[in-house]
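Everything on this sheet refers to the single structure shown next.
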Amino acid sequence: MVQLQHKNTLLFIGDSITDAGRGEYFGANLGQGYVNMIAGQLYRQYIPLQLNILNQGVGGDKLTDLFTRWQVDCLDLNPDIVTIQIGINDIWHRLSAGIPYTETILEQYKENYRYLLKTLTEREVQIILVEPYVLPYPEDRLDWRPYVDIMKEVIADLAEEYGATLVKLDDALNQVGENLGYETITGADGVHPTSLGHAFIADQWLRHTGL
């Protein structure tokens with residue numbers, strides 16, 4: 001379980017799912033997605049703690065991009081709790097360009113991710129990992145399924161290795177999509193959440209962290 005303390009800084013970092021339209025010109029802007037929804041809940045529930053919640057998501061990021069900006073956009077901000085949501089672009093960009101997703105690429109992904117987690121554990125930061133997901137709408141997203149499943153296993157292994165909280169999204173969002181219609185959760189591309197999709201992500205984050 002994640003433990004909150006007075007004046008904790010909670011940092012969310014990842015790709016466009018985390019970004020969700022935040023404006024870099026205004027540092028307090030948390031975007032219109034799950035980060036903003038979580039922040040509203042935590043701010044209301046833990047008013048005396050005076051939490052500081054930051055969104056460092058950048059649309060289009062792959063893990064290598066996150067690796068490059070890690071020092072400035074994460075470590076230099078001295079967070080107490082870090083949520084990482086990254087990975088689907090590593091699959092999306094490669095498959096869209098017809099580039100094979102090889103075992104070597106997967107191993108490099110794992111080692112880069114491990115480096116990020118190592119830097120956080122050295123600072124005794126609480127870590128929350130959000131697994132990637134994809135919904136089978138449109139139908140060609142079914143081609144991504146084997147790679148998403150492999151990446152989920154990698155992240156689950158890293159979460160166990162580093163004592164991180166794992167937020168499981170893929171099965172939950174697919175189940176909701178099956179019941180309500182996939183496009184109601186991720187619109188037209190099987191990845192980017194609608195407002196309803198972001199609400200379910202926020203709910204899963206709160207459930208898995210116990211907050």
Side-chain angles (χ1 to χ4, degrees), residues 12-20 33-34 57 59-67 82-118 127-194 196-209:
F12 293 79
I13 194 164
D15 55 35
S16 57
I17 298 169
T18 297
D19 183 330
Y34 79 93
D61 261 17
K62 302 184 294 297
L63 182 60
T64 50
D65 301 306
L66 189 58
F67 186 92
V82 171
T83 297
I84 304 174
Q85 171 273 312
I86 198 76
I88 197 63
N89 286 327
D90 293 77
I91 296 170
W92 192 341
H93 293 185
R94 284 189 163 273
L95 297 185
S96 296
I99 302 173
Y101 199 79
T102 65
E103 186 68 29
T104 300
I105 295 299
L106 183 64
E107 188 60 33
Q108 186 61 58
Y109 175 91
K110 188 173 184 177
E111 289 309 306
N112 284 345
Y113 214 135
R114 179 177 280 114
Y115 169 81
L116 304 187
L117 302 183
K118 183 174 182 290
I127 305 169
I128 302 164
L129 304 185
V130 180
E131 71 176 14
Y133 64 87
V134 67
L135 272 60
Y137 179 87
E139 289 186 4
D140 65 359
R141 296 305 186 251
L142 291 170
D143 297 336
W144 300 11
R145 171 50 52 191
Y147 305 103
V148 171
D149 287 343
I150 292 171
M151 191 173 284
K152 284 166 54 181
E153 291 180 9
V154 167
I155 293 174
D157 288 345
L158 289 172
E160 182 175 1
E161 181 179 347
Y162 285 89
T165 298
L166 178 63
V167 178
K168 298 181 178 181
L169 284 185
D170 188 51
D171 289 345
L173 290 184
N174 272 275
Q175 183 62 58
V176 172
E178 184 176 338
N179 294 335
L180 301 181
Y182 296 116
E183 69 278 10
T184 67
I185 304 301
T186 53
D189 66 12
V191 172
H192 291 98
T194 60
L196 181 60
H198 276 291
F200 277 106
I201 292 174
D203 181 67
Q204 289 297 308
W205 189 96
L206 292 165
R207 287 174 181 271
H208 283 87
T209 60

Salt bridge between [X] and [Y], side-chain N to carboxylate O under 4.0 Å?
X      : Y      : result
Arg94  : Asp90  : no
Arg114 : Asp157 : no
Glu107 : Lys110 : no

Sub-6.0 Å ring centroid separation between Trp144 and His93: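 They do not qualify: ring centres at least 6.0 Å apart.
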Verdict with supporting geometry, Ile128 and Ile84, side-chain contact (heavy atoms from CB on, under 4.5 Å): CA-CA 6 Å; Ile128 302 164; Ile84 304 174; over 6 Å; no
Thr194 (side chain) donor-acceptor with Thr186 (main chain) under 3.5 angstrom: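 No: the side chain of Thr194 does not pair with the backbone of Thr186.
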Going from [atom1] on [X] to [atom2] on [Y], what distance comes out if it is rounded to the nearest 0.5 angstrom?
X      : Y      : atom1 : atom2 : answer
Asp61  : Thr18  : CG    : OG1   : 9.5 Å
Leu135 : Asp189 : CG    : CG    : 10.0 Å
Phe200 : Gln204 : CZ    : CD    : 9.0 Å
Phe67  : Gln108 : CZ    : CD    : 8.0 Å

Neighbour count >12 (heavy atoms, 6.0 Å) for atom CZ, Arg145: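 It does: Arg145 CZ has more than 12 such atoms within range.
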Donor on one side chain, acceptor on other, Ser16 and His192, under 3.5 Å: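 Distance-only check passes for Ser16 and His192.
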Ile17 versus His198, closest heavy-atom pair with distance: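 Scanning both residues completely, I find the closest heavy atoms to be O-CE1, 3.2 Å.
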